[in-house]
*Asks:* 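Just passing along the structure, written as structure tokens.
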Amino acid sequence: MPRVVVDVMLKPEILDPQGQAVANALPRLGVSDVASVRIGRRIEIEFAGEPDLDRAREIADKLLANPVIEDFTVRLVEADETADARS
Amino acid sequence: MTARVGVVTFPGSLDDGDAARAVRIAGAEPVRLWHGDPDLHGVDAVVLPGGFSYGDYLRCGAIARFAPVMETIVDAAHGGLPVLGICNGFQILCEAHLLPGALTRNQHLHFRNRDQILRIESAGTAWTNAFQPGQEVLIPVKNGEGCYVADTATLDQLEAEGRVVARYVGGNPNGSQRDIAAITNPAGNVVGIMPHPEHAVEALTGPSLDGLGFFTSVLKHLVGAPA
């Protein structure tokens, strides 16, 4: 069954202290070539029937993201792609 | 007639008891409201208390915004009902678009819990008319996601319209833009504040009695308000 994936990211102009904390930890792993890290949220939606991108966009705009501080993208993925993304 | 001030309890609210107590100490009758009940039971004003409504899942206040009681409160607030959102309540008011901007993770990522000096910038709201503009008050702050953000145009508009209600003084505890601790809507009946006035209403439990002014303000406002 295809799923709708919603990716939510803080807008570029909004400070991401979580991402900064992760970026600051990287040198401890010996990683010194990362310029910045930003953290977002991935949400997978499975519709009871056919996936509905417009409906997903409405859900994202009203609930999943706060458009004041966050941008979101909505896309369809096949079930096996979802599994790949997790592996 | 004693004013009746509603205090909403969401699943995960923590400070509803203290808010109701503050209402009582200020001389009004607290009325407990339940998140699942859209009926406001005829209250004259509403307090959205602090806590972690619905576990703060997704974003603080994002799910509480869709509670049945909130739909009624949003409509009533547009009609002039005084609404005070404290901490999580402030987050809910932003998520419900009754106030502009948003509250994000404290810049330093630490939960901050301390007594905080605030400067009252606007005494023209339903919840701050008992203060003098420029007056400094001491009120506990305790939050993990209290960093107020909005775009520059919104911040400039808030400043220009006198809608910044209070600012942090002597150190910004969470990185809020322009040291903003509290804001109001254009009509001045809806106020969101990150620190906790309900924890500063009696000498035994608070650092001052300064928080009481927010609750006596709304009583003053209700007496003066047209019926």
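First the proteins, then the strands, lettered A, B, ... as listed; each starts at 1. The shown structure was predicted, so the numbers you read here are calculated from the model rather than taken from an experiment.
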*Asks:* Taking the side chain as every heavy atom from C-beta outward, state whether B:Arg59 and A:Glu70 have any pair of such atoms under 4.5 Å apart.
*Replies:*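 Touching, per the 4.5 Å side-chain cut-off.
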
*Asks:* Rounded to the nearest 0.5 Å, what separates atom SG in B:Cys147 from atom CG in A:Leu15?
*Replies:* 7.0 Å

*Asks:* Side chain from CB out, backbone as N, CA, C, O: work out which of these in B:Asp151 comes under 4.5 Å of a heavy atom of chain A, or both, or neither.
*Replies:* neither

*Asks:* May I ask you to check whether over 12 heavy atoms, not counting those of A:Arg38, lie within 6.0 Å of atom CZ?
*Replies:* yes

*Asks:* Quick check on B:Thr104 against chain A: is it the side chain, the backbone, both or neither that has a heavy atom closer than 4.5 Å?
*Replies:* side chain

*Asks:* Non-hydrogen atoms of chain A under 4.5 Å away: do they reach the side chain of B:Leu109, the backbone, both or neither?
*Replies:*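 Contact with chain A involves the side chain of B:Leu109 alone.
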
*Asks:* Working to the nearest 0.5 Å, report the span between CG of A:Asn66 and CD of B:Gln91.
*Replies:* 11.0 Å

*Asks:* Could you state the interatomic distance from SG (B:Cys94) to CD1 (A:Ile69), rounded to the nearest 0.5 Å?
*Replies:* 9.5 Å

*Asks:* If I measure from the heavy atoms of chain B, does A:Ile14 come under 4.5 Å with its side chain, its backbone, both, or neither?
*Replies:* side chain

*Asks:* For A:Lys11, look at atom NZ and say whether over 12 heavy atoms of other residues, nucleotides or ligands are found less than 6.0 Å away.
*Replies:* yes

*Asks:* Would you call B:Leu58 and A:Arg41 a side-chain contact if the rule is heavy atoms closer than 4.5 Å?
*Replies:*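 Yes, their side chains come closer than 4.5 Å.
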
*Asks:* Counting only heavy atoms not in B:Phe111 (residues, nucleotides, ligands), do more than 12 fall under 6.0 Å from its CZ?
*Replies:*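 Above 12, so yes.
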
